[in-house]
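Hydrogens, waters and symmetry mates are skipped; everything else that's a heavy atom, side chains included, is used. Atoms within a ligand are numbered from 1 in the order they appear, just like the ligands themselves.
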Amino acid sequence: MAPPPLRVGLGERSYPVLIEAGLLDRAGEALAPYARGGRLVVVSDETVWALQGERLVAGMAAGGVEALPILLPPGEGSKSWAALEALLDRLLALGIERKDHLVAFGGGVIGDLAGFAAAILKRGCRFVQVPTTLLAQVDSSVGGKTGINVAAGKNLVGAFHQPSAVLIDTACLDTLPIRQVRAGYAEVVKYGLIGDADFFAWCEREGETLIAGNPGARQHAIGTSVAAKAAIVAEDERETTGRRALLNLGHTFGHALEAETGFSDRLLHGEAVALGMALAFRFSAGRGLCGDADARRVTAHLAAAGLPTRLGDVGIDAPPERLVAHMKHDKKASGGRVPFILARGIGRAFVDDEVALAEVEAFLDGELAREPA
Ligand code: NAD
Ligand code: GLY
């Protein structure tokens with residue numbers, strides 16, 4: 001029997017998150033309420049469409065819904081002004097109206113791009129997220145952050161625009177390359193490290209089974225992650241109280257590392273988050289906030305999951321002042337201050353707005369001097 005949907009509780013903008021292996025095969029039933037005249041535009045990338053498109057089209061057809069695909073090249077390059085403009089032109093040519101829904105079928109790139117197109121088309125139409133990467137299933141498809149990259153930086157233009165529903169078929173992960181699975185796993189571990197020590201312990205026990213594709217482990221990990229994110233988003237949708245900022249654990253360090261590697265395949269976002277979380281815990285331990293044993297435990301688990309935990313793991317030997325300079329350009333920087341998510345222990349993350357960048361620089365200097373474990 002299908003598990004009951006989770007809910008992101010945002011008053012009249014609340015929405016369900018369905019998580020189920022094989023959900024694509026029944027997509028028509030789930031998507032029919034959003035289809036006008038029995039049709040839905042599906043925005044996807046060419047790779048996802050080649051591997052999973054047929055299943056979605058058949059699943060939609062079984063419920064009497066026709067899919068009208070719009071395909072983009074895979075990769076971060078599609079989160080651009082040019083791709084957005086071309087997408088909006090196609091949608092306008094198809095006569096999309098404000099009450100219509102788009103379907104975003106793909107990883108975080110497609111979800112962010114199609115979600116932003118939905119946010120601004122005719123001053124806002126609706127959309128449904130159908131995420132196909134582990135990262136998108138546990139993080140980017142839930143919570144309504146949408147946007148594109150611009151010359152000045154990543155995700156600097158966008159909107160908060162919540163989807164009407166999120167449909168997660170865990171079986172989509174069967175075709176996801178293992179490196180992408182591991183990168184998405186970093187975001188799963190993040191929820192344990194932020195506020196759920198028991199879930200982190202579960203990750204230590206079952207993480208490898210999850211990465212290997214065990215259906216029960218996937219269901220549990222994705223369900224726990226989405227429930228954690230939904231609770232945070234319901235409390236602080238627009239990241240104003242600091243609660244949602246906790247989801248940025250590992251991201252301030254990670255963003256600097258992604259910038260240093262040119263936001264390229266050399267370091268995937270989830271890999272940067274893994275390394276950033278290991279750094280955040282070692283930094284916290286160095287300040288006496290949490291024990292060395294916690295920092296060692298976090299580092300050991302991420303490394304066991306095949307994720308980078310040392311700067312040397314990804315060949316970064318940039319001067320610390322350059323890494324810190326990247327942090328100053330982080331969109332979360334405010335009034336010359338860069339917020340850091342630190343930890344008083346596993347499951348006890350908090351926001352610290354008062355970290356001196358000179359201290360971070362000295363810490364990174366020490367990290368660079370360290371031999372890879
Ligand atoms: P992605 O969308 O680029 O997907 C990664 C690769 O996997 C792509 O080549 C894609 O074609 C392929 N792929 C996707 N699903 C597949 C499947 N089932 N089988 C085989 N291949 C598949 O990357 P991502 O890691 O999903 O998302 C990264 C993006 O998400 C970044 O742009 C990041 O800024 C954004 N993001 C947004 C939020 C948010 O809250 N909105 C949160 C985190 C990350
Ligand atoms: N991925 C961070 C957030 O949704 O806030």
Side-chain angles (χ1 to χ4, degrees), residues 8 24 43-53 55-56 71-80 83 104-116 119 129-149 153-163 166 168-188 190-191 194 213 225-226 228-230 232-252 254-255 258 263-265 267-273 331-332 341:
V8 182
L24 282 196
V43 183
S44 189
D45 79 35
E46 287 150 3
T47 304
V48 171
W49 198 251
L51 292 165
Q52 300 283 348
R55 211 154 69 79
L56 179 69
L71 304 185
L72 293 114
E76 198 66 33
S78 285
K79 265 176 67 174
S80 65
F105 180 50
V109 164
I110 289 297
D112 282 10
L113 175 75
F116 188 40
Q129 289 269 21
V130 184
T132 61
T133 63
L134 183 55
L135 180 137
Q137 295 187 345
V138 299
D139 187 3
S140 63
S141 64
V142 176
K145 282 189 181 174
T146 72
I148 58 167
N149 308 322
K154 207 172 166 239
N155 293 329
L156 289 185
V157 172
F160 284 98
H161 189 53
Q162 300 292 343
V166 183
I168 299 178
D169 183 348
T170 54
C172 280
L173 304 179
D174 288 347
T175 56
L176 190 66
I178 188 69
R179 185 178 171 204
Q180 295 283 354
V181 174
R182 292 186 191 284
Y185 179 67
E187 301 279 6
V188 172
K190 184 181 81 177
Y191 294 105
I194 290 173
S225 301
V226 169
K229 179 147 188 188
I232 289 175
V233 169
E235 221 180 286
D236 181 21
E237 182 185 8
R238 289 181 174 247
E239 214 166 301
T240 44
T241 67
R243 185 93 182 104
R244 186 162 181 169
L246 293 176
L247 294 172
N248 296 325
L249 175 65
H251 284 59
T252 303
H255 174 86
E258 283 184 279
F263 295 99
S264 67
D265 281 357
L267 186 65
L268 301 179
H269 176 70
E271 294 169 340
V273 168
K331 67 178 174 312
K332 295 174 286 297
I341 315 305

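Here the protein heavy atom with the shortest distance to atom 4 (O) of ligand 1 is Thr133 CG2, 3.7 Å. Scanning the protein heavy atoms around atom 6 (C) of ligand 1, the nearest turns out to be Gln180 NE2, 3.6 Å. In terms of protein heavy-atom proximity, atom 33 (C) of ligand 1 is closest to Lys154 NZ, 3.6 Å. The nearest protein atom to atom 23 (O) of ligand 1, hydrogens excluded, is given as Gly108 N, 4.1 Å; this is a heavy-atom distance.
Using a 4.0 Å cut-off to heavy atoms of Lys229, the atoms of ligand 2 that qualify are 1 (N), 3 (C), 4 (O). Each of the atoms 34 (O) of ligand 1 lies under 4.0 Å from some heavy atom of Asn155. For ligand 1 and Leu176, the ligand atoms under 4.0 Å from any heavy atom of the residue are 7 (O), 13 (N), 15 (N), 16 (C), 17 (C), 19 (N), 20 (C), 21 (N), 22 (C). Less than 4.0 angstrom separates some heavy atom of Leu247 from each of these atoms of ligand 2: 2 (C), 3 (C), 5 (O). In the vicinity of Thr47, heavy-atom distances shorter than 4.0 Å reach the ligand 1 atoms 11 (O). Below 4.0 Å from some heavy atom of Asp139 lie the following atoms of ligand 1, by number and element: 42 (C), 43 (C).
Residue-level proximity to ligand 1 for Lys79 is carried by the side chain, the only part with a heavy atom below 4.0 angstrom. Proximity of Asp45 to ligand 1, defined as any heavy-atom pair under 4.0 Å, is confined to the side chain (atoms from C-beta onward). The parts of Thr175 lying near ligand 1 are both backbone and side chain, judged by heavy-atom distances below 4.0 Å.
Taking every heavy atom of both residues into account, Glu76 and Val109 meet most closely at OE1-CG2, 3.7 Å.
With distances taken over non-hydrogen atoms, the option nearest atom 3 (C) of ligand 2 out of Lys145, Glu187, Arg243 is Lys145.
Residue Asn248 places no N or O, backbone or side chain, under 3.5 Å from any N or O of ligand 2.
For the side chain to side chain contact (heavy atoms under 4.5 Å, CB included) with Asn149, the qualifying choice from Asn155, Val157, Asp112 is Asn155, the only one to do so.
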